[in-house]
2 protein chains.
Amino acid sequence: MTMDKTLLAGSTAMLILKLLDGQDMYGYQMIAELAKRSDDTFHLKAGTLYPLLHGLEKKKLLESYEKQTDSARIRKYYRLTPKGKKHLHEKTEEWEVFSHAIHQVLKGGLCCEHI
Amino acid sequence: MTMDKTLLAGSTAMLILKLLDGQDMYGYQMIAELAKRSDDTFHLKAGTLYPLLHGLEKKKLLESYEKQTDSARIRKYYRLTPKGKKHLHEKTEEWEVFSHAIHQVLKGGLCCEHI
DNA sequence: TAATATATATCGACAATCTATATAAGGAGG
DNA sequence: CCTCCTTATATAGATTGTCGATATATATTA
């Protein structure tokens, strides 16, 4: 199914933070990992990811460091900061409230019709 | 809780269509009804709703008609068209896939880590 | 050596929401 | 009677988030 890209709005940052909660990763890896974990539902574009990472770093939610791999190639890894972890927690709760509310409306709303 | 407004992106139209699935409504009523059905999570602004309604009408997903109420005031009611109903159905399925995918990622993704 | 995959980055376009503002009618309170 | 608040519809401008296109460079494979 073709995902409506606008649905992602606002939740992309949360997903990135979640990916980094547990292990450090570099940008390109995140794109693949997100696709994998979401069963190929999310295909984050590079043009979306990199500006987002820079923004999160500026907000001190992430820290980056360069790491030389076996193949002489330098990759830029990102690490979740304590502040980022806190932010992730908040956003996750927000998401729960939000998706529950949507679910509520889609359920028919009949439950609230005559209280 | 202050809802991140961007989370709504893309799903507002679906919610409006859902509200009209069952009964015709006028704009102002939709704002109140959506807040009610979502347990005060969604507070749609007039500046968001009306352009959206006009857009949905232009796309033939909605039809409008004016109705004189008891109080001499004329209200503009909206009705869901068959095309709109079909659209609602599609968007609802899309939402299910999307929210499931988010849930999957937030779950930790550990389940997919070593398959 | 040429094509493809990996890897990071920026810019302009576009879509969706918000705030602010305009307009106007009805009801409540002073 | 007049003012304020709520109801009700509407539009313009600002902001934000995502995408497509493009640029650059290295590594792998054919």
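Predicted model, so just to flag it, every value in this text is computed and none were measured. All chains are named by letter (A, B, ...) in the order of the sequence lines, taking the proteins before the strands, and each is independently numbered beginning at 1.
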Legend entry - From dT11(D), dT10(C), dA8(D), nucleotide with atom closest to Pro51(A) side chain: dT10(C)
Inset, instruction - Answer whether the closest heavy-atom distance between the side chains of Leu15(B) and Ile102(A) falls below 4.5 Å. - result: yes
Inset, instruction - Name the nucleic acid region contacted by Gly27(B), choosing base, sugar-phosphate or nothing; use a 4.0 angstrom heavy-atom cut-off, strictly under. - result: sugar-phosphate
Legend entry - Whole-Å distance separating the NZ atom of Lys76(B) from the C1' atom of dT11(D): 13 Å
Inset, instruction - Answer yes or no: is there a side-chain heavy-atom contact under 4.5 Å between Tyr78(B) and Glu63(B)? - result: no
Legend entry - Distance, rounded to the nearest Å, where Tyr26(B) contributes OH and dA24(C) contributes P: 21 Å
Inset, instruction - Go through dT17(C), dG20(D), dT6(C) for me and flag the one nearest to the Lys45(A) side chain. - result: dG20(D)
Legend entry - Rounded distance in Å - OH (Tyr50(B)) to P (dA8(D)): 8 Å
Inset, instruction - Find the distance Leu7(B):CG to dT16(D):P and express it as a whole number of Å. - result: 16 Å
Inset, instruction - Establish, with yes or no, whether the OP1 or OP2 oxygen of dT17(C) is under 4.0 angstrom from a side-chain nitrogen or oxygen of Thr12(B). - result: yes
Inset, instruction - Take the protein atom NE2 of His43(B) and the nucleotide atom P of dT19(C), then report the distance between them rounded to whole Å. - result: 12 Å
Inset, instruction - Figure out the NE2/C1' separation between His54(A) and dT10(C), and round it to whole Å. - result: 9 Å
Legend entry - Whole angstrom value for the distance that separates C1' of dT17(C) from CG of Leu44(B): 9 Å
Legend entry - Atom-to-atom span, OH of Tyr28(A) to C1' of dT8(C) - whole angstrom: 11 Å
Legend entry - Side-chain donor/acceptor of Thr92(B) to backbone N/O of Leu88(B), under 3.5 Å: yes
Inset, instruction - Just compare dT11(D), dC18(C), dA9(C) and give me whichever is closest to any side-chain atom of Thr48(B). - result: dC18(C)
Inset, instruction - Kindly assign one of parallel, tilted or perpendicular to the pair Tyr65(B) and Tyr77(B), based on the angle between their ring planes and the thresholds 30° and 60°. - result: parallel
